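A quick write-up on the structure given underneath.
A quick note: this is a predicted structure, and the numbers were derived from the prediction, not measured. Throughout, protein chains are lettered first and strands after them, A, B, ... in sequence-line order, and every chain is numbered starting at 1.
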Amino acid sequence: MIMHPMENGFNFDSQGTTIPVHIITDFVCAYDGAEVVRVQLQPGLSANPYFSFYLTATRSGPVDFKWTDQDGTVTTNSAQLQVT
Amino acid sequence: MTDRAPFLSRRSALLTIGGSVLLSMVALPGVAADEDTAAAIRQLYGDREPTAGRISLQLPALAESGNSVPLTLTVDSPMTATDRVLRASVFANRNPRPLIATVLFGPKYGTPTFGTNIRLSGTQDVIAVAQMSDHSLWSAQVRVLVTVGACDALQLRY
(Lines give C-alpha, C1' and ligand atoms only; values in the text may rest on other atoms or scores of the structure.)
Protein backbone atom coordinates (compact mmCIF):
# COMPACT_ATOMS: atom_id res chain seq x y z
CA MET A 1 0.00 0.00 0.00
CA ILE A 2 1.23 3.47 -0.79
CA MET A 3 -0.10 6.93 0.06
CA HIS A 4 -0.91 8.63 -3.22
CA PRO A 5 -3.84 10.79 -4.37
CA MET A 6 -4.30 8.95 -7.73
CA GLU A 7 -5.98 12.06 -9.21
CA ASN A 8 -8.15 10.81 -12.05
CA GLY A 9 -8.46 14.07 -14.02
CA PHE A 10 -12.19 14.43 -13.41
CA ASN A 11 -12.03 16.50 -10.22
CA PHE A 12 -12.09 20.27 -9.80
CA ASP A 13 -10.25 22.47 -7.33
CA SER A 14 -11.84 25.38 -5.41
CA GLN A 15 -11.34 27.67 -8.45
CA GLY A 16 -13.25 25.27 -10.68
CA THR A 17 -10.26 24.29 -12.78
CA THR A 18 -9.67 20.65 -13.54
CA ILE A 19 -7.03 18.89 -11.47
CA PRO A 20 -4.79 17.07 -13.97
CA VAL A 21 -4.30 13.33 -13.89
CA HIS A 22 -1.59 12.32 -11.43
CA ILE A 23 -1.27 8.61 -10.88
CA ILE A 24 1.13 5.77 -10.23
CA THR A 25 1.47 3.85 -13.46
CA ASP A 26 3.49 0.83 -12.43
CA PHE A 27 3.99 -1.36 -9.36
CA VAL A 28 6.48 -4.23 -9.19
CA CYS A 29 7.16 -6.73 -6.43
CA ALA A 30 10.31 -8.81 -6.77
CA TYR A 31 11.50 -11.68 -4.55
CA ASP A 32 14.65 -13.76 -4.83
CA GLY A 33 15.65 -11.98 -8.03
CA ALA A 34 12.40 -12.78 -9.85
CA GLU A 35 9.41 -10.59 -10.51
CA VAL A 36 6.43 -11.82 -8.50
CA VAL A 37 3.82 -9.41 -9.72
CA ARG A 38 3.63 -6.31 -11.87
CA VAL A 39 0.56 -4.10 -11.90
CA GLN A 40 -0.16 -1.55 -14.61
CA LEU A 41 -2.35 1.03 -12.91
CA GLN A 42 -5.03 3.25 -14.43
CA PRO A 43 -6.98 6.16 -12.88
CA GLY A 44 -9.76 3.67 -12.09
CA LEU A 45 -7.89 2.47 -9.00
CA SER A 46 -8.69 4.08 -5.67
CA ALA A 47 -6.53 6.66 -3.95
CA ASN A 48 -3.68 5.16 -1.89
CA PRO A 49 -3.62 2.02 -4.03
CA TYR A 50 -3.64 -1.19 -2.05
CA PHE A 51 -2.74 -4.63 -3.39
CA SER A 52 -2.86 -8.05 -1.79
CA PHE A 53 -1.24 -11.05 -3.41
CA TYR A 54 0.62 -14.28 -2.67
CA LEU A 55 4.17 -15.29 -3.43
CA THR A 56 5.77 -18.72 -3.32
CA ALA A 57 8.48 -18.56 -0.66
CA THR A 58 11.31 -20.99 -1.30
CA ARG A 59 14.13 -19.48 0.75
CA SER A 60 14.99 -16.41 2.82
CA GLY A 61 15.53 -13.27 0.85
CA PRO A 62 14.52 -9.66 0.40
CA VAL A 63 11.11 -8.79 -1.03
CA ASP A 64 11.40 -5.54 -2.95
CA PHE A 65 8.53 -3.25 -3.82
CA LYS A 66 8.73 -0.48 -6.38
CA TRP A 67 6.12 2.10 -7.34
CA THR A 68 6.67 4.29 -10.42
CA ASP A 69 4.77 7.56 -10.79
CA GLN A 70 3.69 8.92 -14.19
CA ASP A 71 6.39 11.63 -13.96
CA GLY A 72 9.08 9.05 -13.18
CA THR A 73 9.17 9.36 -9.39
CA VAL A 74 10.20 5.99 -8.01
CA THR A 75 9.35 4.89 -4.46
CA THR A 76 10.87 1.71 -3.13
CA ASN A 77 10.47 -0.36 -0.02
CA SER A 78 11.94 -3.66 1.03
CA ALA A 79 11.24 -6.38 3.57
CA GLN A 80 13.33 -9.34 4.61
CA LEU A 81 11.57 -12.68 4.36
CA GLN A 82 12.87 -15.45 6.65
CA VAL A 83 12.17 -19.03 5.67
CA THR A 84 13.04 -21.49 8.43
CA MET B 1 -27.15 22.77 -59.32
CA THR B 2 -24.16 20.56 -59.65
CA ASP B 3 -21.85 23.02 -57.84
CA ARG B 4 -24.42 23.55 -55.09
CA ALA B 5 -24.65 19.96 -53.95
CA PRO B 6 -21.06 19.65 -52.65
CA PHE B 7 -21.43 22.95 -50.75
CA LEU B 8 -24.47 21.64 -48.94
CA SER B 9 -22.85 18.36 -48.10
CA ARG B 10 -19.78 20.16 -46.81
CA ARG B 11 -21.92 22.37 -44.61
CA SER B 12 -23.82 19.45 -43.24
CA ALA B 13 -20.54 17.65 -42.68
CA LEU B 14 -19.17 20.64 -40.74
CA LEU B 15 -22.37 20.78 -38.69
CA THR B 16 -22.04 17.11 -37.90
CA ILE B 17 -18.41 17.53 -36.84
CA GLY B 18 -19.26 20.60 -34.75
CA GLY B 19 -22.14 18.81 -33.14
CA SER B 20 -20.10 15.76 -32.28
CA VAL B 21 -17.29 17.91 -30.85
CA LEU B 22 -19.83 19.75 -28.68
CA LEU B 23 -21.38 16.46 -27.58
CA SER B 24 -18.02 14.97 -26.69
CA MET B 25 -17.14 18.11 -24.69
CA VAL B 26 -20.38 17.93 -22.75
CA ALA B 27 -19.97 14.22 -22.12
CA LEU B 28 -16.31 14.51 -21.05
CA PRO B 29 -16.45 12.78 -17.66
CA GLY B 30 -19.27 10.68 -19.02
CA VAL B 31 -19.70 6.98 -19.30
CA ALA B 32 -18.12 4.52 -21.65
CA ALA B 33 -20.24 2.45 -23.95
CA ASP B 34 -20.05 -1.32 -24.21
CA GLU B 35 -18.04 -0.86 -27.42
CA ASP B 36 -15.35 1.06 -25.48
CA THR B 37 -14.96 -1.82 -23.04
CA ALA B 38 -14.85 -4.32 -25.88
CA ALA B 39 -12.25 -2.16 -27.64
CA ALA B 40 -10.15 -1.93 -24.45
CA ILE B 41 -10.26 -5.73 -24.10
CA ARG B 42 -9.35 -6.20 -27.77
CA GLN B 43 -6.44 -3.76 -27.46
CA LEU B 44 -4.90 -5.83 -24.66
CA TYR B 45 -5.93 -9.38 -25.52
CA GLY B 46 -6.47 -9.39 -29.27
CA ASP B 47 -9.55 -10.25 -31.28
CA ARG B 48 -10.35 -13.60 -29.66
CA GLU B 49 -13.49 -13.70 -27.56
CA PRO B 50 -12.82 -14.77 -23.93
CA THR B 51 -14.74 -17.78 -22.63
CA ALA B 52 -16.81 -17.21 -19.48
CA GLY B 53 -15.43 -19.13 -16.51
CA ARG B 54 -12.30 -19.99 -14.47
CA ILE B 55 -12.30 -16.54 -12.84
CA SER B 56 -14.06 -15.64 -9.63
CA LEU B 57 -14.63 -11.94 -8.97
CA GLN B 58 -15.56 -11.03 -5.43
CA LEU B 59 -17.15 -7.60 -5.11
CA PRO B 60 -19.82 -6.23 -2.80
CA ALA B 61 -23.28 -6.50 -4.38
CA LEU B 62 -24.00 -3.00 -3.08
CA ALA B 63 -21.28 -0.36 -2.67
CA GLU B 64 -22.27 2.83 -0.84
CA SER B 65 -19.36 4.81 -2.25
CA GLY B 66 -17.74 4.20 -5.60
CA ASN B 67 -14.48 5.76 -4.44
CA SER B 68 -13.10 2.57 -3.02
CA VAL B 69 -14.75 -0.72 -3.82
CA PRO B 70 -12.87 -3.82 -2.59
CA LEU B 71 -12.26 -6.33 -5.33
CA THR B 72 -10.77 -9.81 -5.13
CA LEU B 73 -9.90 -11.66 -8.27
CA THR B 74 -9.26 -15.41 -8.10
CA VAL B 75 -8.26 -17.42 -11.14
CA ASP B 76 -8.79 -21.18 -11.23
CA SER B 77 -5.25 -22.25 -12.11
CA PRO B 78 -2.76 -24.72 -10.57
CA MET B 79 0.06 -22.13 -11.03
CA THR B 80 2.67 -24.70 -12.07
CA ALA B 81 5.54 -23.84 -14.39
CA THR B 82 3.60 -25.03 -17.44
CA ASP B 83 0.01 -24.23 -16.46
CA ARG B 84 -0.38 -20.78 -14.95
CA VAL B 85 -1.97 -17.37 -15.30
CA LEU B 86 0.06 -14.92 -17.34
CA ARG B 87 -1.98 -11.78 -16.84
CA ALA B 88 -5.39 -10.50 -15.90
CA SER B 89 -7.19 -7.19 -16.38
CA VAL B 90 -10.16 -5.59 -14.68
CA PHE B 91 -12.62 -3.41 -16.60
CA ALA B 92 -15.63 -1.37 -15.50
CA ASN B 93 -17.97 -0.96 -18.43
CA ARG B 94 -19.48 2.41 -17.39
CA ASN B 95 -16.39 4.16 -16.05
CA PRO B 96 -15.02 7.09 -18.10
CA ARG B 97 -12.03 4.87 -18.83
CA PRO B 98 -13.07 1.21 -18.71
CA LEU B 99 -9.63 -0.28 -18.02
CA ILE B 100 -8.81 -0.23 -14.30
CA ALA B 101 -5.63 -2.26 -14.01
CA THR B 102 -3.63 -5.08 -15.56
CA VAL B 103 -1.84 -7.59 -13.33
CA LEU B 104 1.12 -9.57 -14.69
CA PHE B 105 1.71 -12.76 -12.72
CA GLY B 106 5.39 -13.64 -12.32
CA PRO B 107 6.87 -17.14 -11.92
CA LYS B 108 7.03 -16.79 -8.11
CA TYR B 109 3.38 -15.90 -7.71
CA GLY B 110 1.58 -18.14 -5.22
CA THR B 111 -2.17 -18.69 -4.96
CA PRO B 112 -3.66 -16.92 -8.01
CA THR B 113 -5.65 -14.42 -5.94
CA PHE B 114 -5.23 -10.67 -6.20
CA GLY B 115 -7.00 -8.01 -4.16
CA THR B 116 -7.25 -4.24 -4.55
CA ASN B 117 -9.67 -1.32 -4.29
CA ILE B 118 -11.24 0.21 -7.39
CA ARG B 119 -13.24 3.29 -8.35
CA LEU B 120 -16.68 2.90 -9.89
CA SER B 121 -18.54 5.84 -11.43
CA GLY B 122 -21.92 4.24 -10.81
CA THR B 123 -23.93 1.04 -10.94
CA GLN B 124 -22.33 -1.12 -13.59
CA ASP B 125 -20.74 -4.43 -14.52
CA VAL B 126 -17.16 -5.19 -13.56
CA ILE B 127 -15.46 -7.49 -16.05
CA ALA B 128 -12.26 -9.46 -15.55
CA VAL B 129 -10.28 -11.08 -18.36
CA ALA B 130 -7.38 -13.49 -17.77
CA GLN B 131 -4.87 -15.04 -20.11
CA MET B 132 -3.41 -18.45 -19.25
CA SER B 133 -0.02 -19.82 -20.26
CA ASP B 134 -1.73 -21.86 -23.02
CA HIS B 135 -3.00 -18.45 -24.28
CA SER B 136 -6.63 -19.29 -23.62
CA LEU B 137 -8.75 -16.30 -22.54
CA TRP B 138 -11.28 -16.45 -19.72
CA SER B 139 -13.64 -13.85 -18.34
CA ALA B 140 -16.04 -13.11 -15.51
CA GLN B 141 -18.63 -10.40 -15.03
CA VAL B 142 -20.19 -9.09 -11.82
CA ARG B 143 -22.85 -6.43 -11.38
CA VAL B 144 -22.23 -3.86 -8.63
CA LEU B 145 -24.85 -1.41 -7.37
CA VAL B 146 -23.20 1.89 -6.46
CA THR B 147 -25.14 4.42 -4.36
CA VAL B 148 -22.74 7.37 -4.86
CA GLY B 149 -20.32 7.09 -7.77
CA ALA B 150 -16.65 8.03 -7.56
CA CYS B 151 -17.07 11.01 -9.90
CA ASP B 152 -20.21 12.43 -8.19
CA ALA B 153 -18.84 11.96 -4.71
CA LEU B 154 -15.67 13.93 -5.41
CA GLN B 155 -17.52 16.81 -7.05
CA LEU B 156 -19.85 17.10 -4.05
CA ARG B 157 -16.77 17.20 -1.79
CA TYR B 158 -18.28 15.55 1.23
Taking the six-membered ring for Trp and the full ring for Phe, Tyr or His, determine whether the centres of B/Y109 and A/Y54 are under 6.0 Å apart. no
side-chain hydrogen bond (donor to acceptor under 3.5 Å, both in side chains) partners for A/T58, two or more places apart: B/K108
What's the spacing between B/T116 OG1 and A/F27 CZ if we round to 0.5 Å? 10.0 Å
Checking B/V90 against chain A: side chain, backbone, both or neither under 4.5 Å from a heavy atom? neither
State plainly whether one hydrophobic cluster holds both B/L86 and B/M132, where clusters connect Ile, Leu, Val, Met, Phe, Trp and Tyr through side-chain heavy atoms under 4.5 angstrom apart. no
Acceptor/donor pairs from residues 32-41 of chain A side chains to any protein atom, 3.5 angstrom cut, sequence neighbours excluded:
from: A/D32; atom 1: OD1; to: A/R59; atom 2: NE; distance (Å): 3.3
from: A/D32; atom 1: OD1; to: A/R59; atom 2: NH2; distance (Å): 3.3
from: A/D32; atom 1: OD2; to: A/R59; atom 2: NE; distance (Å): 3.1
from: A/E35; atom 1: OE1; to: A/R38; atom 2: NH2; distance (Å): 3.2
from: A/E35; atom 1: OE2; to: A/R38; atom 2: NE; distance (Å): 3.2
from: A/R38; atom 1: NH1; to: A/D26; atom 2: OD2; distance (Å): 2.6

Transitive ILVMFWY side-chain link B/F114 to B/V126, under 4.5 Å: yes
Going from CD1 on B/I100 to CD on A/Q42, what distance comes out if it is rounded to the nearest 0.5 angstrom? 9.5 Å
Which atom pair, heavy atoms only, marks the closest approach of A/S46 to B/S68? OG-CA, 3.2 Å
For the residue pair A/L45 and B/N117, establish whether any side-chain heavy-atom pair is separated by less than 4.5 Å. no
Does A/F53 share a hydrophobic cluster with A/W67, counting links as ILVMFWY side-chain heavy atoms below 4.5 Å and allowing steps through other members? yes
